[in-house]
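These notes concern the structure reproduced below.
Numbers restart at 1 for each chain; the letters A, B, ... are given by sequence-line order, proteins then strands. From a predicted model like this one, the values you see are computed outputs, not experimental measurements.
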Number of protein chains: 2
Amino acid sequence: MDKQTVTIYDVAREAAVSMATVSRVVNGNPNVKPATRQKVLDVIDQLDYRPNAVARGLASKKTTTIGVVIPDLTNSYFSELARGIDDVALMYKYNIILASSDENHDKELQVVDNLTAKQVDGIIFMGNQISDELRESLDRAHAPIVLAGSVDEQRQLPSVNIDYVAAVTDAMNRLIQRGNKRIAFVTGSMDESINHDYRLKGYQQALSSARLNYDAGLVFQTDYSYRAGYALAQALQDVKATAAYVGDDELAAGVLNGLTDAGVDVPADFEVITSNDTRFTEITRPRMSSITQPLYDIGAVSMRLLTKLMNNEEIGERTVVLPYGLKKRQSTK
Amino acid sequence: MDKQTVTIYDVAREAAVSMATVSRVVNGNPNVKPATRQKVLDVIDQLDYRPNAVARGLASKKTTTIGVVIPDLTNSYFSELARGIDDVALMYKYNIILASSDENHDKELQVVDNLTAKQVDGIIFMGNQISDELRESLDRAHAPIVLAGSVDEQRQLPSVNIDYVAAVTDAMNRLIQRGNKRIAFVTGSMDESINHDYRLKGYQQALSSARLNYDAGLVFQTDYSYRAGYALAQALQDVKATAAYVGDDELAAGVLNGLTDAGVDVPADFEVITSNDTRFTEITRPRMSSITQPLYDIGAVSMRLLTKLMNNEEIGERTVVLPYGLKKRQSTK
DNA sequence: ATGAAAGCGCTAACAG
DNA sequence: CTGTTAGCGCTTTCAT
């Protein structure tokens, strides 16, 4: 039942060199004579030696493992980001410890402490409520961290996103130009900075530029789920909205189908525009117009940035803003 | 830049006990006098001591970390399974190292070796082509493994699934009873055991029970993507199929929309039934009829089974088969 | 109930 | 270019 049969010591003995030398060839240290390197390599091959990453981690204080905290694995927005993270992590030979936070503050704290105990070399964090408590936990990790597709209202933490304010403003302008006067704003919790400090700001800016009144009754705060959106159909009609900006694609799909099933014609009688351009936008009928953002890239760039931070490389800008766009499909006129 | 400031040694000194005692209280060993336990606890609190999991792992040969290999993070089928795995892992205090395989055989081998190096205590594997090579790698891990929502044609590895053959047979019978004579079979690669050895078998069984001929021209092998399904619309009409069983929900959504956009009325002129009952089935219009399966539970039960295996607990059946169902929605008559 | 001591498998100075 | 020697921080016998 030995997990580890052959160790670096066995290789050293068999190859008649010191373990330091074995360590050197394993780690690609150039200070080894080709002949002995080959000899060691042969023995490694013959014994089928595999370095123990845990021992390595303890000795070197580097685990080549990063932590990724994700609010919801089953939400396409996050899983697309994760894919970008994963690809780049692989490229740089880092393993990922996945930690689900369920957008729950206590759990976020817990998982971060947990990642710290595991001595991760860095953390990619997705989530939009960075409390002071969390900031402390993150500090204790003594490891670099970057926010992926998430914002830090205090702009202290390195992050990669798009310009959410401008994106929402653009989306709103589109709706306003088409003559909509009562446009609903539908997103997740306003406790999330991205909703409260960015999207809502964009919403209000567009309104005020168009000299339209801001009506709190048009603001819907719910959770990011299809069901939640579907359930909103009646309320949306009750407030006489003729369009909606929605902060999540599944939520938007729910709004769209809820409305359609209630006999509302989208986009003729009601326009909807969503935020993340995930695959859901193509699957619904009508297809959903959306803000577009390079999700995979946001994840990939986050991870790349993290590697730089972990290597103490020179960083240009700690907050990288990627370009967004607007894609008109069928849910808007 | 010290990652670890306070160690067990510091606590021992400060509490005037040996590190062995500190270790005992940290690990909940009952052989500690309540008074000294309290003293140690106080010092731990005061110094904000956090055990280093890496050192622990090296000393105890247990990392409380498991590896999860997943073909595609962005596919709902797998992410739903992962959610179940994750929840139970948390419950038993295991961390998850996530390893994407991209349904690529070489990558599977590589990630398994990687997980082995990291000394994971167990592995949950999703994927349906267990080659001999992979089996060897898995063996070398010296860690228990369970297949989640995946099959091992050789039935050697512990796994949790539904009865795929029966499920597909049921789905086919439904289609056949409605009078369909030419039913397409649309799935991913036939190299995958689940497609070749299970689903296809169910398809053929249903056909033969109904005395319908098996026509290889009705079998479509593609990848699990919306685009792939969408692109199949013409081919499906060319072979004069009037219905299709589809092995993946996104793929099915593609088939459905492709057909609809080509002017085919679903379900009036063409029925489709899919396999995984993920959220996509509710979002498409018409909604998709589907085999139902307890995805979250499959993941959860897999993880639970793995914990038992890791603790050398007595296991009843190494292959657990969960119930499936059939849900009629609007894509079938 | 508690302590001493020997590792776990590897890296990293430091010599030579 | 290679070997020696300490640890890394913790668990785990084995004594006491």
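- Counting any heavy atom pair closer than 4.0 Å across all strands shown, A:V17 reaches sugar-phosphate atoms only and no base atom.
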Next item on the list: Please step through side-chain contact (heavy atoms from CB on, under 4.5 Å) for the pair B:T116 and A:R50, ending with a clear verdict.
Entry: CA-CA 9 Å; B:T116 304; A:R50 316 284 179 114; 5.8 Å; no
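- Remark: C1' of C:dC10 and CD1 of A:I44 are 13 Å apart, rounded to the nearest angstrom.
- Residue B:N52 contributes atom CG, which lies 8 Å from atom C1' of D:dC10 at whole-angstrom precision.
- Applying the 4.0 Å criterion to OP1 and OP2 of D:dT2, one finds that A:N31 has every side-chain N and O outside that range.
- Nearest-nucleotide assignment on DNA chain C puts the 5′-proximal partner with B:R37, out of A:M19 and B:R37.
- Between A:Y9 atom OH and C:dT11 atom P the separation is 17 Å, expressed in whole Å.
- Contact annotation: A:T36 reaches the phosphate of D:dT2 (side-chain N/O to OP1 or OP2, under 4.0 Å).
- Between A:R13 and A:D10 there is a salt bridge, with a side-chain nitrogen of the basic residue lying less than 4.0 Å from a carboxylate oxygen of the acidic one.
- Taking only side-chain atoms of B:S60, from C-beta outward, the nucleotide of D:dT12, D:dC1, D:dG9 with the closest atom is D:dT12.
- Checked against D:dT2, C:dT2, D:dG9, the side chain of B:S18 finds its nearest nucleotide in C:dT2.
- The residue A:T21 sits close only to the backbone: its heavy atoms come under 4.0 Å of sugar-phosphate atoms, none of a base.
- Nearer the 5' end of DNA chain D, as judged by each residue's closest nucleotide, is the contact made by A:P34, out of A:P34 and B:V22.
- Counting distance only, with no hydrogens placed and no angle test, the side-chain atoms of B:R24 and the base atoms of C:dG3 include a donor-acceptor pair under 3.5 Å.
- Every side-chain hydrogen bond (donor to acceptor under 3.5 Å, both in side chains) that A:D86 has, sequence neighbours left out, goes to B:S100.
- If you check the side chains of A:Y77 and A:D72, you find no donor sitting under 3.5 Å from an acceptor.
- Comparing C:dA12, C:dG9, D:dC1 by their closest approach to the side chain of A:A20 singles out C:dA12.
- For the pair A:I8 CD1 and C:dG7 C1', the interatomic distance rounds to 16 Å; values are reported in whole Å.
- We find that CG of B:L58 is positioned 12 Å from P of C:dT11, with the value rounded to whole Å.
- Between A:K61 atom NZ and D:dC8 atom C1' there is a gap of 6 Å when expressed in whole angstrom units.
- Atom NZ in A:K33 sits roughly 9 Å away from atom C1' in D:dT2 (whole-Å rounding).
- Using a 4.0 Å cut-off between a side-chain N of Lys or Arg and a carboxylate O of Asp or Glu, A:K107 and A:D102 qualify as a salt bridge.
- Closest to the B:A55 side chain, of the nucleotides D:dC1, D:dG9, C:dA12, is D:dG9.
- Here C:dC8 presents its P atom at 18 Å from CZ of A:R56, a figure rounded to the nearest Å.
- Listed candidates were C:dC10, C:dG9, D:dT2. Nearest to the side chain of A:V32 is D:dT2.
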